[in-house]
Amino acid sequence: MAEAELKRVESFQYPAAHLGHLSESQQAALDAFKQLCQDEGYYKPAGFDGRTEPTHDDETLLRYLRARKFAPKDAFKQFKDTEDWRQENHLVELYDTIDIGEYEQTRRLYPQWTGRRDKRGIPVYVFEVSHLNSKNIAAYEQSIAKGPTVSHKVPTKMLRLFALYENLTRFVMPLCSAITDRNHPETPISQSNNIVDISKVGLKQFWNLKGHMQDASTLATAHYPETLDRIFIIGAPSFFPTVWSWIKRWFDPITVSKIFILSSSNMKSTLEQYIDPANIPKKYGGQLDFEFGMMPVLEPAIEKALHWEAPSTQDGARTIPTGPIKWEESAGGKVTAIAVGTEDGKPRKQVIASLTTNVSIKAMHGSLVTSNTPIDKAELALTTSGKHTQPPDSGDADLYIGSDLPAGETQSLPIRPAEGEGQVRTGTSETRFEQQQHTHAAGQLAEGTPAVNDHGHGDKSVTMEPSTVGQAPKDVFISPAEEEKDTSYIGQAKEVAANVYNSTAATVGSAAGAVAGVIGGQGSKEAEAEEEKEQDRLIDGVDKGTVEGFLREQYGSQSQSNN
C-alpha cells in the first residue's frame with residue numbers, strides 16, 4: 001500500500017480540535033458543516049428569522065465533526081439522525097418532565113458525577129458496575145413497567161438513561177465550562193472522565209450485562225458523540241486479562257486507546273497523573289470522601305462560583321438536589337440553575353443557584369470565543385492513550401474476532417493451530433485505516449441490527465455497528481451451521497456465558513452440582529440469588545488457563561470451520 005493509505009486514524013486530544021483551537025482546515029470544515037445543516041433545515045444561526053441565538057452552539061457541532069473525522073457530509077448524516085431521534089423521542093420534554101424519583105433510581109445505577117474535575121477541568125464520574133446486579137436490574141425494570149411510556153421508538157429504560165446524558169450536556173458540562181480556573185478557559189468542556197470499578201463483578205454477571213451495556217453504548221455513541229474522554233478501569237478480576245485480548249476487538253482503536261486498565265499497584269500513580277489527589281475518591285487512593293450513590297461533593301472552585309438559593313445538604317455541605325437541572329438566563333443576563341422534572345405528579349421548577357461570575361450562557365457554550373490560549377507542548381506530552389496500561393496480547397487470545405483489513409483484502413495466519421489442524425483467520429483492531437470508513441459495512445446498520453454477509457465460497461460474517469461512532473463496522477465469521485442461531489452479540493454473549501460456566505463448573509469438580517442441587521430445591525428467589533453467587537464464585541475461582549482454553553476452542557473452531 002502507498003504510505004498515504006497507511007495513515008492511522010487517531011483521536012483528537014483536548015484542547016486540539018476543540019473550539020478555540022481549530023486548524024484552518026478544521027475551521028473550514030465547521031463552516032461547511034454549519035452551512036450544510038442550515039441548507040437542510042437543521043440549523044439556524046443567530047439573526048435568522050429574528051433569532052438572538054443559534055439553534056446549536058459551535059462546540060456541540062464540533063462533537064459530530066470530531067466523531068466523523070471532520071467530514072461535513074458524514075457529520076451531517078449523524079447530526080440529522082440525532083436531531084430526528086431527539087424529536088421522535090421527545091428528549092427535551094423527557095428531561096423537563098421526568099419523575100425525579102425515577103431519575104434518582106436511574107442515577108444510582110449508572111455513572112455519577114463526583115462534583116470534581118480533572119486537571120483540565122473535565123468532570124470526573126464514578127461507575128461501580130457491581131450495582132447492576134440481577135436483583136437491582138429486576139427491581140428497576142419492574143418500576144419501569146409500572147411507569148408511563150413516553151415513546152414507542154426506544155425502550156423506556158433507555159430513555160431514562162438518556163436523561164442522565166442530558167444532565168451531562170445541559171448542566172454539568174456548562175457548569176464546568178463556566179469555571180475559569182483552568183487552562184484554556186475559552187474552550188468549553190464537552191467531555192467527561194469515568195472511573196469504572198469492576199471489582200466484585202463475576203464472569204457470569206459480566207456477560208449477563210454485556211447486552212444491556214452494549215445497547216446503551218450503541219445509542220449513546222450515536223446520539224451523544226465525543227462526550228467521553230478517558231476511561232479508568234479499576235479492580236479488574238483475575239480473568240480479565242485473559243478475556244481482554246479478544247473483548248477489545250469488538251471496539252474500534254479510538255475507544256480502546258481511551259481505556260486505562262489499572263491494577264492496585266499503578267492505580268494511584270496513574271490517576272494522579274490526570275486528576276489531583278483532592279479530587280480522587282479515597283477508595284481509589286485519593287483524598288475525596290465520596291461513595292457511589294452520593295450526590296456530588298462540589299470542589300471549592302465550583303462552590304465559589306455558585307450563589308445558592310435552594311441547595312440540598314449532604315454531610316453538612318451544600319450540593320445540588322437530585323433530579324434534572326438545566327441552565328436559564330434572564331433578560332438581565334443572570335444565569336440560574338433550575339431544578340425541573342415532576343414531583344408527586346406536579347411540575348417542579350425551582351431556582352437552586354445562580355452563577356456569581358459574569359458568565360453568559362453563550363460563553364458557557366463557547367459562542368463568544370474570539371481568541372485562544374496557546375497549547376503547551378507539555379499538555380500534549382501527557383497522552384490520552386491508555387494502551388500502555390492494558391494487558392499484553394497473548395497468541396492464544398489472538399483468535400479471529402474481527403477483520404481490520406481494507407475492503408477487498410484478506411488475511412490468513414496461523415495462531416498456534418492444534419496438531420493436524422489448519423490455519424485460523426486473525427486480525428486486529430490496532431491497524432484500522434482511514435479508508436476503512438468507506439467499506440461495504442460503513443453506515444449499513446443504523447439500527448444496530450446484525451446482518452449476515454455472504455462473501456462466497458462458504459465465507460460468511462455477521463456485521464455489527466461498533467460502539468464508537470465514526471468507525472466502520474466489524475465482521476465476525478460464523479459457520480453455516482450457526483447461521484440460524486441468534487447471531488447478535490447479545491445472543492453470542494449469553495451463549496458464551498452459559499458455555500463458560502458449564503465448562504468451568506465441570507473443572508472445579510462436583511461441588512458446583514451439589515450446591516446447585518441443594519439450592520435449586522428451595523424454589524425461592526433467595527435460593528436463586530444464592531445460586532447465582534455460588535456460580536460466580538466458582539467461575540471466578542477457575543484456573544486462568546481453563547477460561548483461556550475455552551475461549552480459544554469456542555472462537556478458534558468457528559474460525560477454522562470457515563476456512
Side-chain angles (χ1 to χ4, degrees), residues 56-57 60 82 85-115 123 125-127 140 143-144 146-151 154-178 188-192 194 216 219-220 223-224 227-228 292-298 302 305-306 308-314 318-330 335-355 361 364-365:
H56 301 81
D57 60 85
T60 295
T82 295
W85 174 84
R86 291 180 63 85
Q87 183 174 357
E88 290 173 1
N89 293 288
H90 315 289
L91 262 294
V92 174
E93 176 188 346
L94 168 73
Y95 189 70
D96 288 344
T97 62
I98 188 172
D99 180 83
I100 62 172
E102 294 179 1
Y103 181 96
E104 174 64 9
Q105 187 182 26
T106 307
R107 186 193 71 85
R108 286 181 171 272
L109 289 177
Y110 292 102
Q112 300 167 5
W113 183 38
T114 59
Y125 280 69
V126 168
F127 183 22
Y140 180 59
S143 69
I144 288 174
K146 296 178 180 179
T149 300
V150 180
S151 168
V154 177
T156 304
K157 64 181 179 181
M158 290 299 167
L159 289 174
R160 286 192 185 183
L161 176 59
F162 291 132
L164 302 182
Y165 276 95
E166 291 292 297
N167 182 262
L168 168 67
T169 58
R170 297 174 65 178
F171 176 70
V172 177
M173 292 194 310
L175 173 58
C176 293
S177 297
I189 299 299
S190 58
Q191 296 177 306
S192 66
N194 281 258
L219 285 173
H223 302 305
Y224 297 90
T227 55
L228 182 63
F292 191 75
M294 293 176 62
M295 294 301 293
V297 181
L298 300 177
I302 295 178
L306 295 174
W308 294 100
E309 296 191 28
S312 291
T313 56
Q314 177 178 254
R318 293 176 296 192
T319 187
I320 60 176
T322 188
I325 303 174
K326 65 180 183 180
W327 295 100
E328 290 186 357
E329 185 172 357
S330 68
V335 177
T336 56
I338 309 294
V340 293
T342 303
E343 188 172 15
D344 297 327
K346 298 179 181 179
R348 178 183 71 159
K349 190 169 184 179
Q350 182 180 29
V351 176
I352 61 170
S354 58
L355 289 178
I361 288 183
M364 293 166 74
H365 291 278

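Contact annotation: the side chain of T336 never approaches that of S330 to less than 4.5 Å [non-hydrogen atoms, C-beta and beyond]. In this structure, the side chains of I98 and P324 come closer than 4.5 Å at one or more pairs of heavy atoms. In this structure, S192 and L168 have side chains that are in contact, with non-hydrogen atoms separated by less than 4.5 Å.
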- request: Begin from the C-alpha positions of L94 and N89 and carry the test side-chain contact (heavy atoms from CB on, under 4.5 Å) through to its verdict.
  value: CA-CA 8 Å; L94 168 73; N89 293 288; over 6 Å; no

- prompt: Under the side-chain contact (heavy atoms from CB on, under 4.5 Å) criterion, do W308 and T319 qualify, and how do the steps go?
  reply: CA-CA 9 Å; W308 294 100; T319 187; 5.6 Å; no

message: Working note: E328 + K349, criterion salt bridge (Lys or Arg N to Asp or Glu O under 4.0 Å); need CA distance, chi angles, decisive distance, verdict.
response: CA-CA 11 Å; E328 290 186 357; K349 190 169 184 179; 3.6 Å; yes

message: Does Q112 form a side-chain contact (heavy atoms from CB on, under 4.5 Å) with F127? I'd like the steps, not just the answer.
response: CA-CA 6 Å; Q112 300 167 5; F127 183 22; over 6 Å; no

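Ion pairing between a basic and an acidic side chain is recognised when a charged N comes within 4.0 Å of a carboxylate O; R170 and D96 show such pairing.
Scored by the side chain to side chain contact (heavy atoms under 4.5 Å, CB included) test, D99 finds E102 as partners (sequence neighbours excluded). Every side chain to side chain contact (heavy atoms under 4.5 Å, CB included) that I302 has, sequence neighbours left out, goes to W113, R117, L175, I179, L298, E299, L306. Partners of T82 under the side-chain hydrogen bond (donor to acceptor under 3.5 Å, both in side chains) rule, at least two apart in sequence or in another chain, are H223. In terms of the ring-ring contact (aromatic ring centres under 6.0 Å, His included) criterion, residue partners of Y224 (sequence neighbours excluded) are, by chain and number, F162, Y165. A search for salt bridge (Lys or Arg N to Asp or Glu O under 4.0 Å) contacts involving E104 returns R107, R108, not counting sequence neighbours. In this structure, the side-chain hydrogen bond (donor to acceptor under 3.5 Å, both in side chains) partners of Y110, at least two apart in sequence or on a different chain, are H212. With sequence neighbours left out, Q105 forms a side-chain hydrogen bond (donor to acceptor under 3.5 Å, both in side chains) with S143, R160. Partners of T114 by side-chain hydrogen bond (donor to acceptor under 3.5 Å, both in side chains), not counting sequence neighbours: none found.
Nearest heavy-atom pair, G323 versus I100, reported as atom, atom and distance to 0.1 Å: CA-CG2, 4.2 Å. Scanning all heavy atoms of the two residues, the minimum distance from E166 to L91 falls at CG-CD1, 4.2 Å. Of all non-hydrogen atoms in F171 and I325, the two that sit nearest each other are CB-O, 3.2 Å.
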Show the atom names and distances, to 0.1 Å, of all donor-acceptor pairs under 3.5 Å that link a side chain in residues 337-347 to residues at least two apart or in another chain.
residue, atom, partner, partner atom, Å
T342, OG1, T97, O, 2.6

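Distance alone, capped at 3.5 Å, is enough to place a donor-acceptor pair between the Q314 side chain and the M295 backbone. Counting only distance, with no hydrogens or angles, the side chain of E309 and the backbone of V351 share no donor-acceptor pair below 3.5 Å. Formation of a donor-acceptor pair under 3.5 Å by the S177 side chain with backbone atoms of M173 is found in this model.
To the nearest 0.5 Å, atoms CG (N194) and CD (Q191) are separated by 11.0 Å.
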